[in-house]
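One structure is given here, and the rest of the page talks about it.
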Amino acid sequence: MIHGPLPDHDDLTSAAAGTSPAAALDRGLAILNNIIVVFAAIALVAACAILSYSVLSRALFKAANYWQDEAAVFLLVGATFMTAAYVQQNRGHIGIEAFVGLLSPLANRIRLWLVDAVTLLFCAFFAWKSWTLAHEAYVDGQVSNSMWSPPLAVPYSLMAFGMSLLCVQIIVQLALPFAGGRRP
């Protein structure tokens, strides 16, 4: 366990302090991510309320729940994928800190860049497949197999947009050091 500031966790507020296009895009993404987080928090509260209503209505009134579980899942999928860029921006993902103390600052920067590059490749593939799923679901009019039958293009589109936003965030983080900014 390491106590104190870590070499790869610089001050996030000054990470994009600059006039380069990458720094401007990073500031714009930060604003967009903060807006998305507010809506995601509302979606999580709504999912909790919907599931609580579902449980109470079934237990107390023996009412059927045709839409509650699926609506909650759609809200959770949207909140999860749409906030992925926010988590990446703040380096809130799970990371193994064992190597940070063992490697030199240059080696840590190279390690971070390589991890981000591989992550970008995976996320770009995931975004591409999500856009493919969303397009197919929209064109074919695919709906879920429940009685409510909501269109599957909705969660697929949220997945696709969230993963695309995550890709843009990673690209900006990869470009910032080359544009004269500090890596968040």
Side-chain angles (χ1 to χ4, degrees), residues 1-44 74-137 153-184:
M1 181 179 339
I2 299 174
H3 296 290
L6 298 172
D8 65 343
H9 288 77
D10 294 335
D11 181 21
L12 293 176
T13 58
S14 63
T19 57
S20 70
L25 184 57
D26 190 50
R27 287 189 299 272
L29 279 173
I31 292 168
L32 178 63
N33 287 336
N34 286 330
I35 293 168
I36 289 172
V37 164
V38 170
F39 284 108
I42 293 167
L44 290 177
F74 279 27
L75 290 168
L76 292 173
V77 165
T80 300
F81 282 96
M82 292 300 294
T83 57
Y86 176 84
V87 173
Q88 176 67 26
Q89 175 190 18
N90 292 301
R91 294 284 180 186
H93 57 282
I94 296 173
I96 300 172
E97 303 295 340
F99 294 114
V100 175
L102 299 174
L103 300 175
S104 69
L106 175 63
N108 271 323
R109 285 194 299 273
I110 293 169
R111 176 187 60 86
L112 274 176
W113 194 89
L114 287 174
V115 167
D116 281 349
V118 171
T119 303
L120 175 62
L121 290 174
F122 171 78
C123 291
F125 176 76
F126 196 108
W128 171 64
K129 290 305 284 182
S130 296
W131 282 116
T132 304
L133 281 172
H135 180 261
E136 286 176 8
V154 173
Y156 293 159
S157 296
L158 291 171
M159 286 172 37
F161 186 72
M163 291 306 288
S164 298
L165 194 59
L166 177 58
C167 288
V168 171
Q169 182 67 51
I170 295 170
I171 289 169
V172 168
Q173 287 179 334
L174 285 169
L176 271 176
F178 298 110
R182 285 194 1 229
R183 178 181 191 82

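Keep in mind that this is a model prediction, so the values were computed, not measured.
- When the side chain to side chain contact (heavy atoms under 4.5 Å, CB included) test is applied to Val87, the partners found at least two apart in sequence or on another chain are His93.
- Note that CG of Leu176 and CG of Leu25 are 8.5 Å apart. Values are rounded to the nearest 0.5 Å.
- Counting all heavy atoms, side chain and backbone alike, Ala79 lies closest to Leu44 at CB-CD2, 4.0 Å.
- Note that CG of Asn34 is 6.5 Å distant from CD of Gln89, once rounded to the nearest 0.5 Å.
- Considering only residues two or more places apart in sequence or on other chains, Ser164 meets the side chain to side chain donor-acceptor pair (under 3.5 Å) condition with Trp131.
- Rounded to the nearest 0.5 Å, atoms OH (Tyr86) and CD (Gln169) are 11.5 Å apart.
- Take Phe125 and apply the ring pair (Phe, Tyr, Trp, His ring centres under 6.0 Å) test, not counting sequence neighbours, and it matches Trp128.
- In this structure the side chain of Arg91 reaches within 4.5 angstrom of the side chain of Leu112, judged on heavy atoms.
- In this structure, NZ on Lys129 lies 6.5 Å from CG on Leu133, to the nearest 0.5 angstrom.
- By the side chain to side chain contact (heavy atoms under 4.5 Å, CB included) test, Ala107 is found to be paired with Leu103, Ser104, residues two or more places apart in sequence or in another chain being considered.
- Phe74 and Leu158 get closest at one heavy-atom pair: O-CD1, 4.2 Å.
- In this structure, Leu166 and Met163 have side chains that are in contact, with non-hydrogen atoms separated by less than 4.5 Å.
- Between the side chain of Gln173 and the main chain of Gln88, a donor-acceptor pair closer than 3.5 Å is present.
- Here Ile36 pairs with Leu32, Met82, Thr83, Leu165 under the side chain to side chain contact (heavy atoms under 4.5 Å, CB included) rule; sequence neighbours left out.
- Listed by chain and number, the residues in a side chain to side chain contact (heavy atoms under 4.5 Å, CB included) with Leu120 are Cys167, Ile170, Ile171, Leu174 (sequence neighbours excluded).
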